[in-house]
Novice: 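Attaching a single structure in structure tokens format; questions to follow.
Residue numbering restarts at 1 for every chain, and letters A, B, ... go by the order of the sequence lines.
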Number of protein chains: 2
Amino acid sequence: MISKKAKYAIHALVKLAREKDKGPILISEISKEGNIPKKFLEAILLDLKRAGILNSKKGKGGGYYLIKDPEEVNMADVLRLFDGALALLPCVTYKYYERCEECTDELTCGIRRVMQQVRDETVRILKDATLANVLATEGTALDNF
Amino acid sequence: MISKKAKYAIHALVKLAREKDKGPILISEISKEGNIPKKFLEAILLDLKRAGILNSKKGKGGGYYLIKDPEEVNMADVLRLFDGALALLPCVTYKYYERCEECTDELTCGIRRVMQQVRDETVRILKDATLANVLATEGTALDNF
DNA sequence: TCAACAGTCTATAATCGATATAGATTTTTT
DNA sequence: AAAAAATCTATATCGATTATAGACTGTTGA
């Protein structure tokens with residue numbers, strides 16, 4: 001499960017991408033619309049600003065807005081920003097690598113191999129899921145149920 | 001990331017499957033070999049016993065042993081047993097379903113669709129990763145690095 | 001039948017991170 | 001100057017994860 005922080009971040013990003021033309025959007029608007037605690041959301045949006053995805057404007061007519069192209073922002077990066085590694089085990093991550101105490105030989109570990117596969121598929125799908133892609137599929141019904 | 005509990009459980013199961021012929025194996029042996037806190041491991045093995053995967057024998061010559069066929073025990077079931085849902089969002093789980101507060105229409109939600117895909121792939125890979133399969137690939141070097 | 005062995009049960013502790021809230025401050029606009 | 005809105009600092013809460021201790025039960029073999 002991803003954290004609420006990450007979930008709120010994704011929700012906010014999708015909204016900001018969807019309403020890209022409307023100019024800056026208020027924290028309070030995003031907060032109300034998504035039932036997201038305002039103060040909590042503030043911190044999240046600041047993180048996204050520091051990450052270079054959003055920018056903000058103070059004072060009247062201010063708010064947050066997307067500065068990256070919706071095709072350049074993908075779910076993998078956003079999840080990594082808030083929740084750290086995407087992998088199920090530390091031994092199959094790049095940035096958060098940690099050796100398993102239980103493991104005798106990592107290169108031939110059967111468990112690691114499975115987790116490696118899961119990670120690869122997960123990253124592939126999430127990298128492909130850009131804000132642009134998410135918006136594009138929005139509103140159309142699912143093929144398989 | 002999966003919990004240590006789940007990681008320890010998988011490690012113990014793989015060991016028990018690997019040494020299936022040797023008869024009951026001591027908690028203390030699994031604990032030492034894997035640097036797993038003994039008391040913590042006890043609880044884990046009990047859970048696996050309650051789940052019908054292992055059985056145990058008390059007294060001298062006792063210990064834990066696999067009672068399910070190694071082909072019948074897969075990583076998806078084990079992870080679900082200890083960590084709950086495999087999905088990244090509550091709205092794409094079966095047993096732990098919960099509606100997202102932020103979501104207006106779940107059926108057409110673009111975020112949900114992506115998470116659905118990740119879940120499907122993850123479940124597919126983990127279901128396929130039985131103890132038998134994990135053991136079979138063990139010891140052979142990886143193709144891609 | 002007793003002693004050693006090894007798993008089982010109950011209870012509790014220590015941490016730690018995720019989630020959330022409050023209030024003062026800074027910047028911008030009108 | 002006043003209002004609007006984001007930013008900063010700090011604190012609180014809560015629950016789950018991880019771990020430990022000790023008493024108890026059942027089994028084996030001498």
Novice: Going by the rule side-chain contact (heavy atoms from CB on, under 4.5 Å), which residues pair with Ala85(A) if we only count those two or more places apart in sequence or in a different chain?
Specialist: Thr93(A), Tyr96(A), Met1(B)
Novice: What integer distance in Å separates Ile44(B):CD1 from dC9(C):P?
Specialist: 16 Å
Novice: How many Å lie between NZ on Lys58(A) and P on dT25(C), as a whole number?
Specialist: 14 Å
Novice: Are any of Tyr8(A)'s side-chain N or O atoms less than 4.0 Å away from OP1 or OP2 of dA20(C)?
Specialist: yes
Novice: To the nearest angstrom, how far is Tyr96(B) atom OH from dA16(D) atom C1'?
Specialist: 15 Å
Novice: Determine yes or no for a side-chain-to-main-chain donor-acceptor pair under 3.5 angstrom, with Asp83(A) supplying the side chain and Ile2(A) the backbone.
Specialist: no
Novice: Of all the nucleotides listed (dT21(C), dG26(D), dC9(C)), which has the minimum atom distance to the side chain of Glu42(B)?
Specialist: dC9(C)
Novice: Within the structure, does a side-chain N or O atom of Arg50(B) lie under 4.0 Å from either OP1 or OP2 of dC9(C)?
Specialist: yes
Novice: Please figure out whether Ile2(A) or Gly59(B) has its closest DNA chain C nucleotide nearer the 5' end.
Specialist: Gly59(B)
Novice: Kindly indicate whether the side chain of Ile111(A), heavy atoms from C-beta on, has any atom under 4.5 Å from the side chain of Leu89(A).
Specialist: yes
Novice: Consider the side chain of Leu26(B), meaning its heavy atoms from C-beta on, and name the nucleotide among dG7(C), dT27(C), dA21(D) that approaches it most closely.
Specialist: dG7(C)
Novice: Which residue, Lys39(B) or Lys39(A), contacts DNA chain C at a nucleotide closer to its 5' end, judged by nearest heavy atom?
Specialist: Lys39(B)
Novice: Is the base of dG7(C) touched by the side chain of Lys49(B) through a donor-acceptor pair closer than 3.5 angstrom?
Specialist: no
Novice: Respond yes when some side-chain nitrogen or oxygen of Lys57(B) is under 4.0 Å from OP1 or OP2 of dT28(D), and no when none is.
Specialist: yes
Novice: What is the distance, rounded to the nearest whole Å, between atom CG of Leu54(A) and atom P of dA5(D)?
Specialist: 18 Å
Novice: In this structure, how many angstroms lie between the C1' atom of dT19(C) and the CG atom of Asp47(A), rounded?
Specialist: 14 Å
Novice: Would you find a donor on one side and an acceptor on the other, under 3.5 Å apart, between the side chain of Ser31(A) and the backbone of Ile27(A)?
Specialist: no
Novice: Contact class for Lys4(B) (heavy atom, under 4.0 Å): base, sugar-phosphate, or nothing?
Specialist: sugar-phosphate
Novice: Let me know the distance between CZ of Phe82(B) and P of dA16(D), rounded to the nearest Å.
Specialist: 17 Å
Novice: Look at all strands and tell whether Leu45(B) reaches a base, only sugar-phosphate, or nothing, counting heavy atoms closer than 4.0 Å.
Specialist: nothing
Novice: Without decimals, in angstroms, what is the distance between Lys32(B) NZ and dA6(C) P?
Specialist: 11 Å
Novice: Rounded to whole angstrom units, what separation is found between the NZ atom of Lys38(B) and the C1' atom of dG22(D)?
Specialist: 12 Å
Novice: Report yes if at least one side-chain N or O of Ser3(A) is closer than 4.0 Å to OP1 or OP2 of dG17(C); otherwise report no.
Specialist: no
Novice: Given dT28(C), dC8(D), dT8(C), which nucleotide is nearest the side-chain atoms of Ser56(B)?
Specialist: dT8(C)
Novice: For Lys20(B) and Pro70(B), which heavy atoms make the closest approach, and how far apart are they?
Specialist: CE-CD, 3.7 Å
Novice: Need one value for Lys5(A): base, sugar-phosphate or nothing, where a base atom within 4.0 Å counts as base even if backbone is also close, heavy atoms only.
Specialist: sugar-phosphate
Novice: From dA23(D), dA20(C), dC8(D), pick the nucleotide closest to the side chain of Phe40(A)?
Specialist: dA20(C)
Novice: Could you check whether any side-chain heavy atom of Ile44(B) comes within less than 4.5 Å of a side-chain heavy atom of Phe82(B), counting everything from C-beta outward?
Specialist: yes
